[in-house]
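Here is the structure we will look at.
All chains are named by letter (A, B, ...) in the order of the sequence lines, taking the proteins before the strands, and each is independently numbered beginning at 1.
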Number of protein chains: 2
Amino acid sequence: MSTSGRPRRATIRDVALEAGVSRGTVSRVLNGEPYVSAQARAAIEAAVAKVGYVPNTAARNLALQRAQAIGFIVHEPHELFLEDPNIGAILLGANRVVSGADHQMVSLVIDSERDSRRVARYLSGGFVDGAVVVSARQNDSLFGAIGRLSIPATLVGRPPADVSVPWVGIDNRGAAAAITGHLVSTGRRRIGMIAVALDRDSGADRLAGFREALGDRFDERLVVARPLYEYTAGRTAMEELLERDPEVDGVFAASDAVAAGALDALRAHGRRVPEDVGVVGFDDSSWARRTHPQLTTVHQPARLLGERAAESVLAQLRGESPEPVGTLLETHVVLRGSA
Amino acid sequence: MSTSGRPRRATIRDVALEAGVSRGTVSRVLNGEPYVSAQARAAIEAAVAKVGYVPNTAARNLALQRAQAIGFIVHEPHELFLEDPNIGAILLGANRVVSGADHQMVSLVIDSERDSRRVARYLSGGFVDGAVVVSARQNDSLFGAIGRLSIPATLVGRPPADVSVPWVGIDNRGAAAAITGHLVSTGRRRIGMIAVALDRDSGADRLAGFREALGDRFDERLVVARPLYEYTAGRTAMEELLERDPEVDGVFAASDAVAAGALDALRAHGRRVPEDVGVVGFDDSSWARRTHPQLTTVHQPARLLGERAAESVLAQLRGESPEPVGTLLETHVVLRGSA
DNA sequence: TTGTAAGCGTTATCAT
DNA sequence: ATGATAACGCTTACAA
């Protein structure tokens, strides 16, 4: 009388038994190696089907010392991971090249200290061979983990000065200066900014570009800051801006989602856009075409950023370019109705 | 003269050597087990730090026969995975309970036959202990894989009749009937529908509910179908509807994103909402509050769906409730300005 | 062409 | 309280 638990999953051993060959031969067939008799191959294939064999990847990874998987790590509140079309496009691009290389991309979202530890643990296994890291904070504990594991990683966005790791990004500062310049050149005199995520390179650099473009005209009372790139942040920040100075006639919002919020706040206060105040955004995300009027904004090649980052990780995996190096991708201003 | 490759990662063995104890003791300390001398513990902790030990999860999973990870599988074009706020909310909910149970959630997106195979392979490893499956098609090859692996899985949405697997969902048909009823009861006479994703239970059921609510008044010329829940689908479908019958005074769009598109198409054709035509959506997603006017729609507890699905998988992992069973969550109509 | 056996890094049982 | 040692399922020399 045997107590039967949940049916054990078939292993190579079972296949070998069934086919009347050794495990080594089974493994060879499974991996499409040459030097196996047609006879053995047929028997093994039949046996695989019969016992319902599926390979155990954990064991395989352990033996092979690799996982055929790349992590896509986002350090961002979950809400934003979903709302932010930029991250989405980056993910899309990365996934395209990762699957093209026949690796599996696994997305991991970090939203707390606990998450951070769990992800570090996850990375430490043979679970992923490398990682694309998005929207890390300037002082992210993740950097420590990645360094310790010495696992190939590439950042999207510029890393803090003291960590050296390959990265791809855009010239946030230059782009911000360019679009602010558009506001200036179209005659706006009292220009404010809704600055966001100043704890990240993107946020800080966009503010720097704004300041640079305005020169003497820069008035720090006209910049209001928010922690996250969100629609509602745009609404409330715009309210605050109008309170501080009802005469503002130009606004640079640090992202399109934020600009959309600003637009609605302006409408609520009876301001016409672009007649009374010109508004510009950043990203050229799907938000930009859904506002009324549509947004003048900075086009950022988000998808391409993802592709490049993934390619960089794969290259590192192949042992190429060991030294960290940053790549800047081009941006450009796209003119629509809002300014 | 030794050729030195990339530095090998430290193992338990290295720690044991360094600390002058056996591997067994190290393992015990690492797993916080009792019955270890303070002395040994201290020595081991020092050694761990010194050699920079990080555990190998693949080996651990192999030995333990579990991965502490749950897959979140979305069968959807990547673009939509990002745009669809519903999926986002489901993911959020699932992730909340998965991380709460100290498991890692890994998201896998299927967008091609090749992806499908790769994901099946991935699942087959010791990589995930179970899976939450979202937006599967009625004849999804994934079902085969999951059945073969006999890995605990729970669907979000009703599975096809011939597969028996636990699921959570909403009464799409009843909800669609209810919101269509609102259109009827507010005096709309020529009511059309923009039906979407008829190859999935949600899409088909919403159409069924619409038909049911209209009874004799149902006119199949007034329903135009689209494959995916997208904003642009709403725009073009609304155009088509206006062409087919310029007199339509009510529209049920199968999702809020689609309704938003319809709204913009109506505006472009000089129709006022809700004066000339009433529009209702489905989901009560973030879209619903960003349109002008805001949408009257069906509230669907997306986040809760994700939580329940994840809980169900965890329960199965604990060996509970072996037999498949479906759960329906409540929805309700929320009235805003669009109808 | 095929079988044998030694790893891969953990955990867990059983002595001690 | 701790040390051996046998799994876990797979790959891969090396022998035959």
B:Ile70 and side-chain contact (heavy atoms from CB on, under 4.5 Å): which single residue from B:Leu314, B:Val128, B:Val106 fits? B:Leu314
For atom CD of A:Glu33 and atom C1' of D:dC14, their distance in whole Å: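 So the two atoms are 14 Å apart, to the nearest Å.
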Rounded to the nearest Å, what distance is computed from the CG atom of residue A:Leu64 to the P atom of nucleotide D:dC10? 12 Å
Just list the side-chain donor-acceptor pairs under 3.5 Å for residues 16-25 of chain A, sequence neighbours left out, or say none.
residue: A:Glu18; atom: OE2; partner: A:Lys50; partner atom: NZ; Å: 3.0
residue: A:Ser22; atom: OG; partner: A:Gly24; partner atom: N; Å: 3.4
residue: A:Ser22; atom: OG; partner: A:Thr25; partner atom: N; Å: 3.4
residue: A:Ser22; atom: OG; partner: A:Thr25; partner atom: OG1; Å: 3.3

Please identify each residue that fulfils side chain to side chain donor-acceptor pair (under 3.5 Å) with [X], with sequence neighbours left out.
| X | answer |
| --- | --- |
| A:Arg60 | A:Asn31 |
| A:Gln68 | A:His103 |
| A:Ser312 | A:Thr154 |

Pairwise side-chain contact, A:Val15 with A:Ile44, heavy-atom cut-off 4.5 Å (strictly under):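 SC-SC contact between A:Val15 and A:Ile44 confirmed.
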So, is A:Ser27 close to the D:dC10 phosphate, meaning a side-chain N or O under 4.0 Å from OP1 or OP2? no
Does D:dT11 have OP1 or OP2 under 4.0 Å away from a side-chain N or O of A:Asn31?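 Answer is yes, contact under 4.0 Å.
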Please enumerate all residues that pass side-chain contact (heavy atoms from CB on, under 4.5 Å) together with B:Ala197, with sequence neighbours excluded.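 If we apply the side-chain contact (heavy atoms from CB on, under 4.5 Å) test to B:Ala197, skipping adjacent residues, the hits are B:Asp199, B:Arg200, B:Tyr229.
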Sorted by chain and number, sequence neighbours left out, side-chain contact (heavy atoms from CB on, under 4.5 Å) with A:Ala315 holds for A:Arg318, A:Glu320
Inter- and intrachain pairs under salt bridge (Lys or Arg N to Asp or Glu O under 4.0 Å), touching residues 29-47 of chain B, at least two apart: none
Holding to salt bridge (Lys or Arg N to Asp or Glu O under 4.0 Å), I want the full list of residues that pass it with B:Arg96, two or more places apart in sequence or in another chain.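 B:Glu307.
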Any sub-3.5 Å donor-acceptor pair from A:Asp201's side-chain atoms to A:Arg158's backbone N or O?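 Here the side-chain-to-backbone pair exists.
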One would report the end-axis bend of the helix from C:dT1-D:dA16 to C:dT16-D:dA1, five pairs per end and rounded to 10 degrees, as 40°
Interface limits on DNA chain C, where chain A has a heavy atom under 4.0 Å of a nucleotide atom: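 It runs C:dT1 to C:dG9.
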Expected output is a numbered-order residue list: members of residues 10-19 of chain B with a heavy atom under 4.0 Å from any atom of DNA chain C. What is it?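 When residues 10-19 of chain B is checked for heavy atoms under 4.0 Å from DNA chain C, the hits, listed by number, are B:Thr11, B:Ile12.
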Got a second to check how far A:His75's NE2 is from A:Leu108's CG, nearest 0.5 Å? 13.0 Å
Are there any protein N/O atoms within less than 3.5 Å of an N/O atom in nucleotides 2-6 of chain D, and if so, which ones and at what distance?
residue: D:dT2; atom: OP1; partner: B:Ser37; partner atom: OG; Å: 2.6
residue: D:dT2; atom: OP2; partner: B:Ser37; partner atom: N; Å: 2.8
residue: D:dT2; atom: OP2; partner: B:Ser37; partner atom: OG; Å: 3.4
residue: D:dG3; atom: OP2; partner: B:Ser22; partner atom: N; Å: 2.7
residue: D:dG3; atom: OP2; partner: B:Ser22; partner atom: OG; Å: 3.0
residue: D:dG3; atom: OP2; partner: B:Thr25; partner atom: OG1; Å: 2.7
residue: D:dG3; atom: N7; partner: B:Arg28; partner atom: NH2; Å: 3.1

Test side-chain contact (heavy atoms from CB on, under 4.5 Å) on B:Leu91 and B:Met105 and set out the steps. CA-CA 9 Å; B:Leu91 184 145; B:Met105 191 169 94; 3.8 Å; yes
